[in-house]
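Structure first, commentary second.
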Amino acid sequence: MTVVRTRIAPSPTGDPHVGTAYVALFNYCFARQHGGQFLLRIEDTDQVRSTRESEAAILRSLKWLGLTWDEGPDVGGPHGPYRQSERSAIYRAHADALIEKGHAFRCFCTPQRLDEVRKAQLAAQQTPGYDGHCAHLSATESAARAAAGETHVVRMKVPREGVCQIQDLLRGPIEIEWAQVDMQVLLKSDGLPTYHLANVVDDHLMGITHVLRGEEWISSAPKHLLLYGYFGWQAPQLCHLPLLRNPDKSKLSKRKNPTSIVYYERMGFLPEALLNYLGMMAWSMPDEREKFTLEEMVAHFDLSRVSLGGPVFDQAKLSWLNGRWIRESLTPQQFGERVAQWALNADYLGRITPLVQGRVERLSDLGAMTSFFFQGLIEPNPAELTVKGLDADGVRRALQWVSWRVEDTTPFTRDTLEPALRETAELLGLKTKDFLRVLFVTFTGKPVSTPLFETMELLGRDLCRARLRHAQTLLGLMTSKEDKKWKAELEAAEKALAEKKLAAAAAAVAPETPTL
RNA sequence: GGCCCGUUCGUCUAGUGGUCAGGACACCGGCCUCUCACGUCGGUAACAGGGGUUCAAGUCCCCUACGGGUCACCA
């Protein structure tokens, strides 16, 4: 019997997500329990969205949780490189092999044509999908056009009839008609593979035997199985785990729930408690005990104990569990050490004290003046969440504009935040001072405190996001109608501001022109 | 909308044909106690609905409803 090998394959396109940790945990436990290996691979084939910062943050967060891998971009291994952006040649060769065998073809269609086709299909109430336009180009024409440098993608061929049967470790057989499967792009016009190609090639080359992944992948499983078949490889066992959910049951998302592992770290959750909580999402110990370590989970892990209903990620129960870990598993000394590690450390304190030195009269003023640096969510007085010159809805809209800025401002530093938020004030047609006041209240709970931009940087994006969202909740969360409306209004304001600046620049130049 | 997956207390779950449907979080009440928290005792609360199969269905099958996912040159 071959050794079990599993993997987690995060895409470095954002904050470290608890869902990634959840899937990683199950893959880790499954591999360990069978005496196998668990590896980490970075799926950074999306050149536009992938960043090294995100990759580093994801590795850091998974390690913080106590998850380790036998092979990965940081530790190496015999099947590297473990970063897909460094494996382009491999995918290209495999795509070529598929073209040669007639399982894939070059597609020279323009995005515009694809768009038109899709619209027509939608109008005719058909399932949108590639119409096969380039599938029957002759090999010589295809090769010639590619050689001439014409931009193209590579698509896989898909049977038009019959059904694909997927054997899911948890769900048994799942049948999907081939007619439902699109002729997926395998190689993008930038020469990099899509997930579907890269994932299959790498899982095979890296000897992955079992793929435990989110339920969201079920519908694309036929493509993957088909590719394994085209290559003549044995496919790994597939197992689709239920998705973590928001309280409203939708797929866990940043918009509705904190999803970043860093948020939980900054909120003061213990890594062992968070990991423990993720372990009780869709899974339970045979004896139903709720508190358990990673080692205990590995020892008792059993895929058949995974339940299929999507579990709601419940902050309240996580907090309760975290409390248990704090009071049951830490000595007083260890507790002190954890607190120090968390925020009472020289680094954090050393960045805070300079902000208050000029504002204190006695050292004892420190506590009250900096309390919000050591809190999770704060309770601002709703009566203070106002802006001079704006009505209630105006404030709500302003906070939402800020929320978009908080997401878009990268890196999240004093120097990037200041211009971004000053501009937001300008877009709102407000005096910076009047506008910023509500942000002081939002982030620190008080209308006056340490300098806003430095404070935001120190709190970090995750805590700022949470406090902002909390303030928005107090005032009434944005409706989806408002979402669209406010977004459009923001774009209009940005456009107007850009034009105004352009005009001002032109006016500044104009006087130079001779008036003879 | 097409296709696919799912459905036990509000939430996380136990349950694999015979249980008074159990536990936990949250909530409510009692006790403990210098306050609070912890702890402890107790309470409210669920098999989505309808058909089958069976001596017997939360457990098996079908239909309906509801929820979710997916339909990209993103993963």
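Remember, predicted model here, so these are calculated numbers, not experimental data. All values below come from the heavy atoms of this structure, side chains included, with hydrogens, waters and symmetry mates left out. So you know, we letter chains A, B, ... as the sequences are listed, proteins then strands, and number each from 1.
A heavy atom closer than 4.0 Å to some atom of RNA chain B occurs in V153(A), R155(A), these being the qualifying members of residues 139-161 of chain A. Within residues 42-56 of chain A, the residues having any heavy atom closer than 4.0 Å to RNA chain B are, in order of number, E43(A), T45(A), D46(A), R49(A). RNA chain B is contacted by M280(A), M281(A), A282(A), S284(A), E288(A), E290(A) of residues 277-290 of chain A, taking any non-hydrogen atom closer than 4.0 Å.
With C1' as the reference atom, C66(B) and A72(B) are 29 Å apart, rounded to whole Å.
For residues 206-218 of chain A, the pairs satisfying salt bridge (charged side-chain N to carboxylate O under 4.0 Å, His left out) are R171(A)-E215(A), E216(A)-K251(A), with sequence neighbours left out.
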Listed pairs, N/O of protein and of nucleotides 58-66 of chain B, under 3.5 Å:
none

Write down the protein N/O and nucleotide N/O pairs, taken from nucleotides 34-41 of chain B, whose separation is under 3.5 Å; answer none if there are no such pairs.
from   : atom 1 : to      : atom 2 : distance (Å)
C38(B) : O3'    : R327(A) : NH1    : 3.4

Are any protein N/O atoms closer than 3.5 Å to N/O atoms in nucleotides 4-10 of chain B? If there are, list each pair with its distance.
from  : atom 1 : to      : atom 2 : distance (Å)
C5(B) : O3'    : R171(A) : NH1    : 3.4
C5(B) : O2'    : R171(A) : NH1    : 2.2
C5(B) : O2'    : E215(A) : OE2    : 2.9

All N/O donor-acceptor pairs, side-chain side in residues 154-163 of chain A, below 3.5 Å, sequence neighbours left out:
from    : atom 1 : to      : atom 2 : distance (Å)
R155(A) : NH1    : M183(A) : O      : 2.9
K157(A) : NZ     : G102(A) : O      : 3.3

Just list the side-chain donor-acceptor pairs under 3.5 Å for residues 7-15 of chain A, sequence neighbours left out, or say none.
from   : atom 1 : to      : atom 2 : distance (Å)
R7(A)  : NE     : D203(A) : OD1    : 3.0
R7(A)  : NE     : D203(A) : OD2    : 3.4
R7(A)  : NH2    : D203(A) : OD2    : 2.7
S11(A) : OG     : E43(A)  : O      : 3.3
D15(A) : OD2    : R465(A) : NH1    : 3.4
D15(A) : OD2    : R465(A) : NH2    : 3.0

For residues 260-270 of chain A, please give each side-chain donor-acceptor pair under 3.5 Å, one per line with the distance, not counting sequence neighbours.
from    : atom 1 : to      : atom 2 : distance (Å)
S260(A) : OG     : V262(A) : N      : 3.1
S260(A) : OG     : D462(A) : OD1    : 2.9
Y264(A) : OH     : P258(A) : O      : 2.7
Y264(A) : OH     : Q315(A) : NE2    : 2.7
E265(A) : OE1    : R60(A)  : NH1    : 3.4
E265(A) : OE1    : R60(A)  : NH2    : 3.2
E265(A) : OE2    : R60(A)  : NH2    : 2.7
R266(A) : NH1    : L458(A) : O      : 3.2
R266(A) : NH1    : L459(A) : O      : 2.8
R266(A) : NH2    : Y348(A) : OH     : 3.0

Could you encode protein contacts along nucleotides 44-50 of chain B as a string, one character per nucleotide from 5' to 3', using B for base contact, S for sugar-phosphate-only contact and - for no contact, with a heavy-atom cut-off of under 4.0 Å? -------
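Annotation: side chain to side chain donor-acceptor pair (under 3.5 Å) contacts of R92(A) (sequence neighbours excluded): none.
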